[in-house]
Peer 1: 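Okay, here's the structure, questions in a sec.
Throughout, a chain's letter reflects where its sequence line sits, starting with A, and its residues are numbered from 1.
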Protein chains: 2
Amino acid sequence: MGADLASLSRLLGEPARAEMCVALVGGQALSAGELARAGGVAPSTASEHLSLLVAGGLLSVVTQGRHRYYRLAGPEVGDLVEYLASRTAPLPARGLSEDRRRAQLRVARTCYDHLAGVVAVSLAEALVAAAALTDDDGALHPTPTTETFFAERGIDLGATNGNKRPLVRSCLDWTERRPHVAGRVGAALLQHLLGSGAIARRPGTRAVQLNRAGKSYLSEAFGLVIAGELPS
Amino acid sequence: MGADLASLSRLLGEPARAEMCVALVGGQALSAGELARAGGVAPSTASEHLSLLVAGGLLSVVTQGRHRYYRLAGPEVGDLVEYLASRTAPLPARGLSEDRRRAQLRVARTCYDHLAGVVAVSLAEALVAAAALTDDDGALHPTPTTETFFAERGIDLGATNGNKRPLVRSCLDWTERRPHVAGRVGAALLQHLLGSGAIARRPGTRAVQLNRAGKSYLSEAFGLVIAGELPS
DNA sequence: AAGACATTTCGGTTGGTACCGAACCGTCCC
DNA sequence: GGGACGGTTCGGTACCAACCGAAATGTCTT
């Protein structure tokens with residue numbers, strides 16, 4: 001990655017570059033043009049920023065036809081950006097549609113490869129209540145029964161990735177200021193919820209949509225009741 | 001803290017400022033002049049950097065006579081700097097005394113309020129072996145017996161701080177690439193080892209000195225045997 | 001009261017870099 | 001093949017911020 005602390009931070013110390021990375025933290029790849037818009041900058045300028053980010057090891061590129069798709073170079077980069085973002089006050093919203101977009105993000109969104117937002121935080125609490133996790137003053141940890149708990153519900157924790165990642169990682173939710181679940185469990189949960197149709201990605205954003213079937217699934221599988229209406 | 005992700009990173013994206021923060025990560029306060037030398041920059045320039053860091057919420061100042069002592073604004077800042085540093089290759093050493101300084105740091109040093117280095121990593125492993133912690137693929141977690149384990153050895157985990165901090169936090173050691181213990185347990189351990197004279201701060205650095213009494217204490221209390229001679 | 005010392009403030013120079021538009025290179029589509 | 005489109009490269013401008021030395025401020029010592 002970056003040669004030293006300063007060069008790494010310098011990369012994220014430029015508003016346009018930071019915005020681009022934040023836009024990518026959802027996990028999908030975005031084209032250079034989309035990222036230029038995300039950074040609020042001309043395509044030519046964006047191109048320079050992007051090559052810096054690639055050279056710095058934060059992003060990777062794949063060329064596809066006349067498009068070039070950029071994505072975060074790995075899960076650690078997503079962690080890094082989320083971590084930095086978590087120590088930061090969200091910017092004030094301007095405008096109505098912007099406001100609704102924010103509301104959707106606040107409720108449920110992807111955070112690289114796992115779920116974040118109100119739903120994710122509540123889910124983490126439900127898992128603690130069900131003794132599938134423990135909460136130690138804001139840090140989530142696995143229990144001896146964690147793996148069987150998910151196996152009973154047809155969720156394979158090994159399937160997601162190599163075994164080098166921790167089973168449970170606690171990720172501070174920057175909207176809720178409470179933890180949600182990352183690590184292998186977090187990734188497996190997101191995969192499973194997407195696969196079973198409980199939630200669906202909203203195209204073009206990190207926000208995800210929790211439908212009625214998803215609500216009842218969460219309730220019966222994890223004892224999680226989501227109160228109130230959800231923004232569509 | 002910083003208004004947004006970019007301004008926060010920008011603060012650490014300047015080599016002189018980054019060096020100053022790294023110098024402070026040991027936890028002690030340093031004077032403006034010392035920090036100027038640490039950053040390799042004229043006092044006047046350092047002063048500007050320091051006021052930026054204070055304005056950004058990373059550092060705090062206390063005036064004492066004709067000196068002004070700067071320190072990290074809080075434990076989270078130390079975490080932040082360590083976290084960034086952990087994703088970074090250490091710079092190559094130049095010169096002999098520099099080399100010895102590095103060796104000392106590699107063996108045992110403070111990392112804000114807990115212990116890091118070879119000794120800390122080995123200690124973490126010993127604690128896992130003693131079932132006082134568990135290691136989940138590189139992430140350390142507490143066990144049901146954690147608190148009694150330390151209580152039996154006269155180490156009070158509540159004494160260190162408010163209860164908002166997690167009991168155990170896993171901190172990736174940037175020299176060893178393996179985890180050591182942070183969080184309340186990490187802080188209590190460092191306090192206890194310093195208080196009992198098992199280790200002593202080396203003045204002017206983050207490195208700490210493990211003496212003979214300390215070795216035997218670690219051996220009998222935690223079953224940790226440190227092999228070989230230690231750099232003095 | 002005067003001198004030494006630590007630090008900050010001020011003025012001025014400089015280099016880096018973020019930025020854009022225009023030109024250039026590919027790919028896709030008619 | 002020719003046009004439209006996405007992306008990068010190039011040239012040039014402008015601004016910011018890092019830097020230093022000198023002067024100013026304040027504290028401690030004698």
Peer 1: NA contact type, B:Tyr70, heavy-atom cut-off 4.0 Å: base, sugar-phosphate, or nothing?
Peer 2: sugar-phosphate
Peer 1: Taking only the side-chain nitrogens and oxygens of A:His67, find out if one of them lies under 4.0 Å from OP1 or OP2 of C:dT27.
Peer 2: no
Peer 1: With no angle test and no hydrogens, is the base of D:dG21 tied to the side chain of B:Ser44 by a donor-acceptor pair under 3.5 Å?
Peer 2: yes
Peer 1: Are A:Ile199 and A:Leu115 side-chain neighbours, meaning at least one heavy-atom pair lies under 4.5 Å?
Peer 2: yes
Peer 1: Could you state the atom-to-atom distance from CD of A:Glu19 to P of C:dC19 in whole Å?
Peer 2: 12 Å
Peer 1: Any non-hydrogen side-chain atom of B:Val107 less than 4.5 Å from a side-chain atom of B:Val208?
Peer 2: no
Peer 1: Return no unless some side-chain N or O of A:His49 is found under 4.0 Å from OP1 or OP2 of C:dC19.
Peer 2: yes
Peer 1: Using a cut-off of strictly less than 4.0 Å between a heavy atom of the residue and any atom of DNA chain D, enumerate the qualifying residues of residues 30-41 of chain B by number.
Peer 2: B:Val41
Peer 1: Are any non-hydrogen side-chain atoms of A:Gln64 and A:Ser31 less than 4.5 angstrom apart?
Peer 2: no
Peer 1: I want to verify a distance call: between D:dG6, D:dT8, C:dA4, whose nearest atom is closest to the A:Ser47 side chain?
Peer 2: D:dT8
Peer 1: Send over the distance from A:Leu50 CG to C:dT17 C1', rounded to a whole Å.
Peer 2: 16 Å
Peer 1: Rounded off to whole Å, could you give me the CG-to-C1' distance for the B:Leu11 and D:dC16 pair?
Peer 2: 15 Å
Peer 1: Where the side chain of A:Ala16 is concerned, which of C:dT7, C:dC19, D:dG7 is the nearest nucleotide?
Peer 2: C:dC19
Peer 1: Indicate, with a heavy-atom threshold strictly under 4.0 Å, whether B:Glu48 touches base, sugar-phosphate, or nothing.
Peer 2: base
Peer 1: Map A:Glu14 and A:Arg66 onto DNA chain C by nearest heavy atom, then report which one ends up closer to the 5' terminus.
Peer 2: A:Glu14
Peer 1: Hey, does the side chain of B:Arg68 come within less than 4.0 Å of C:dT8's phosphate (OP1/OP2), counting only N and O?
Peer 2: yes
Peer 1: Rounded to whole angstroms, how far apart are CE on A:Met20 and C1' on D:dG7?
Peer 2: 13 Å
Peer 1: Any heavy-atom pair between the side chains of B:Ile155 and B:Val185 that's under 4.5 Å?
Peer 2: no
Peer 1: Looking at C:dT17, D:dT8, C:dC19, which one has an atom nearest to any side-chain atom of A:Pro43?
Peer 2: D:dT8
Peer 1: Does D:dA18 have OP1 or OP2 under 4.0 Å away from a side-chain N or O of B:Thr45?
Peer 2: no
Peer 1: Want to settle it: does A:Ser51 or B:Gln64 sit nearer the 5' end of DNA chain D, counting the closest nucleotide to each?
Peer 2: A:Ser51
Peer 1: For the side chain of A:Leu52, starting at C-beta, report the closest nucleotide among D:dC19, C:dA18, C:dT7.
Peer 2: C:dA18
Peer 1: To the nearest Å, give me how far apart CG (A:Leu59) and P (D:dG7) are.
Peer 2: 14 Å
Peer 1: Apply the test side chain to side chain contact (heavy atoms under 4.5 Å, CB included) to residues B:Val61 and B:Ser51: give CA-CA distance (whole Å), side-chain angles for both, the deciding distance (0.1 Å), then the verdict.
Peer 2: CA-CA 9 Å; B:Val61 203; B:Ser51 58; over 6 Å; no
Peer 1: Just wondering, do B:Val77 and B:Leu24 contact through their side chains at under 4.5 Å, heavy atoms?
Peer 2: no
Peer 1: Using a 4.5 Å cut-off on heavy atoms from C-beta on, say whether the side chain of B:Leu210 contacts that of B:Leu193.
Peer 2: no
Peer 1: Less than 4.5 Å apart, any side-chain heavy atom of A:Leu157 and any of A:Leu167?
Peer 2: yes
